[in-house]
Structure formats: C-alpha cells, structure tokens
Amino acid sequence: EVQLVESGGGLVQAGGSLRLSCAASGFSFDDYAIGWFRQAPGKEREGVACISSSDISTDYADSVKGRFTISRDYDKNTVYLQMSSMKPEDTAVYYCIARWGLCGTVLMQPAMTDYWGQGTQVTVSS
C-alpha cells in the first residue's frame with residue numbers, strides 16, 4: 001500500500017520556521033520525485049516545491065523561493081520541507097505528492113502526480 005504521511009504542521013508566528021516531513025512507503029522512493037502542494041481556504045491548490053529522483057533537480061514556486069528548502073533522506077524514505085521567514089499567506093493545508101522520475105512541470109500541473117498524502121495544517125499568525 002502506497003503511503004505518504006505528512007507531519008510537522010502547526011501554528012507559528014510570522015517570521016518563524018517550521019519543518020514538514022513526508023514519510024513515504026509502498027513504492028520505490030528512490031525513483032520518484034517528491035514534492036509539496038498547499039491549499040488555503042477558498043484558493044486553488046498551489047505547487048510549492050519539488051525534488052527529483054536522485055536529487056537531480058529542485059523546483060520552487062516563486063512565492064517561496066529563498067524561504068523554503070526541500071530535501072530528502074534516502075535512508076529514511078523521507079522528504080523535508082524547511083520553511084523559514086514564514087508569512088500569514090503561507091497558511092494552508094500542505095500535501096506531500098509523489099511523481100515517478102523528475103519534477104518536470106508537476107508544480108504547475110497537479111494532475112501529473114501519482115500519489116498524494118492526506119495533508120497537514122500550517123497556520124502562520126500575524
């Protein structure tokens with residue numbers, strides 16, 4: 001059974017930091033790009049960050065460049081999203097996704113994903 005289990009969400013003040021984790025199982029982690037989407041109430045789903053298989057490339061939404069960093073631990077089959085200098089507009093449910101191979105344009109085309117996690121809530125207070 002494929003599983004993507006997010007953790008690390010919570011409440012943080014503006015300017016603060018959080019680290020999200022996505023623990024993957026049930027598929028060949030090394031062969032998949034892993035990324036993050038987010039969705040705020042009343043807004044469309046937004047691609048946030050992605051890291052390709054074998055760490056060939058990373059991709060970030062313009063709104064988070066310079067503030068968020070995505071990384072992966074192949075021993076733990078886990079991907080991390082380190083979020084810094086957070087803003088109230090970062091408030092959303094964050095979803096972990098997986099897509100075979102490279103990130104490509106997955107951040108712009110969520111239909112290209114193969115698997116989704118259940119999401120974790122992140123709230124940034126002003």
Side-chain angles (χ1 to χ4, degrees):
E1 178 188 6
V2 171
Q3 285 192 315
L4 294 170
V5 180
E6 303 97 335
S7 61
L11 175 64
V12 63
Q13 288 189 330
S17 300
L18 273 180
R19 189 178 78 159
L20 303 183
S21 300
C22 172
S25 61
F27 63 97
S28 180
F29 179 79
D30 295 8
D31 294 331
Y32 278 72
I34 308 293
W36 294 88
F37 278 74
R38 67 186 181 186
Q39 188 164 22
K43 294 189 176 182
E44 291 190 357
R45 194 165 37 185
E46 176 190 21
V48 175
C50 182
I51 183 166
S52 291
S53 59
S54 301
D55 297 353
I56 291 174
S57 63
T58 56
D59 193 16
Y60 296 92
D62 288 343
S63 58
V64 306
K65 280 181 181 176
R67 300 189 299 120
F68 290 11
T69 302
I70 190 169
S71 62
R72 63 196 293 170
D73 185 330
Y74 291 90
D75 291 334
K76 296 182 179 179
N77 280 14
T78 299
V79 168
Y80 303 100
L81 184 68
Q82 179 67 49
M83 305 183 291
S84 305
S85 302
M86 297 187 72
K87 306 174 181 179
E89 50 263 45
D90 294 323
T91 295
V93 177
Y94 283 70
Y95 298 92
C96 181
I97 64 97
R99 175 179 186 258
W100 190 89
L102 303 178
C103 293
T105 58
V106 68
L107 293 185
M108 301 299 293
Q109 297 177 281
M112 295 175 66
T113 59
D114 294 316
Y115 308 118
W116 288 82
Q118 294 299 307
T120 186
Q121 176 69 47
V122 172
T123 303
V124 185
S125 63
S126 57

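The first residue in the sequence is number 1, and the count goes up from there.
Ring pair Tyr115/Phe27: centre-to-centre distance below 6.0 Å. Ring centroids of Phe68 and Trp36 are separated by 6.0 Å or more, keeping the two rings apart.
Between the side chain of Glu6 and the backbone N or O of Gln118, at least one donor-acceptor pair lies under 3.5 Å. Listed for the Tyr74 side chain is a donor-acceptor partner under 3.5 Å among the backbone atoms of Ser54. In this structure, the side chain of Thr91 does not engage the main chain of Thr123 through any donor-acceptor pair within 3.5 Å. The closest donor-acceptor contact from the side chain of Ser63 to the backbone of Ala61 lies at 3.5 Å or more, if one exists at all. In this structure, the side chain of Tyr60 engages the main chain of Ile70 through a donor-acceptor pair within 3.5 Å. Judged by distance alone, the side chain of Arg67 and the main-chain N or O of Ser85 form a donor-acceptor pair under 3.5 Å. Asp114 places a side-chain N or O within 3.5 Å of a backbone atom of Trp100 that can act as its donor or acceptor partner.
Checked for salt-bridge contact, Asp90 and Lys87 miss the test: no charged N lies under 4.0 Å from a carboxylate O.
Rounding to the nearest 0.5 angstrom, the gap separating the CE atom in Met86 from the OG atom in Ser17 is 8.0 Å. Atom-to-atom distance recorded for Ile51:CD1 and Ser57:OG is 8.0 Å, nearest 0.5 angstrom. Within the model, atoms CG of Leu18 and CG of Leu11 stand 8.5 Å from one another, a figure rounded to the nearest 0.5 Å. Between atom CG of residue Leu20 and atom CD of residue Gln82 there is a gap of 9.0 Å, rounded to the nearest 0.5 Å. To the nearest 0.5 angstrom, Asp31 atom CG is 6.5 Å from Ser53 atom OG.
Counting all heavy atoms, side chain and backbone alike, Leu4 lies closest to Ala98 at CD1-N, 3.9 Å. When every heavy atom of Ser52 is checked against every heavy atom of Ala33, the shortest pair comes out as CA-CB, 3.8 Å.
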Test side-chain contact (heavy atoms from CB on, under 4.5 Å) applied to Leu81 and Val48, step by step = CA-CA 10 Å; Leu81 184 68; Val48 175; 4.3 Å; yes
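Two different hydrophobic clusters hold Tyr80 and Tyr95 under the rule that ILVMFWY side chains link at heavy-atom gaps under 4.5 Å. A single hydrophobic cluster is seen to contain both Val2 and Val79, as judged by linkage of ILVMFWY side chains at heavy-atom distances under 4.5 Å, directly or through other members. Under the 4.5 Å side-chain heavy-atom criterion for Ile, Leu, Val, Met, Phe, Trp and Tyr, Val12 and Val64 are members of the same hydrophobic cluster. Under the 4.5 Å side-chain heavy-atom criterion for ILVMFWY residues, no single connected hydrophobic cluster contains both Leu107 and Ile34. A continuous path of ILVMFWY side-chain contacts below 4.5 Å connects Val93 to Ile97, so both sit in one hydrophobic cluster.
With a 4.5 Å cut-off on side-chain heavy atoms, Trp116 and Cys96 do not count as touching. At a threshold of 4.5 Å between non-hydrogen side-chain atoms, the residues Met112 and Thr105 count as touching.
Judged purely by distance below 3.5 Å, without hydrogens or angles, the side chains of Tyr94 and Arg38 pair a donor atom with an acceptor atom.
Under the 6.0 Å distance and 45° angle rule, Arg72 does not count as a cation-pi partner of Tyr32.
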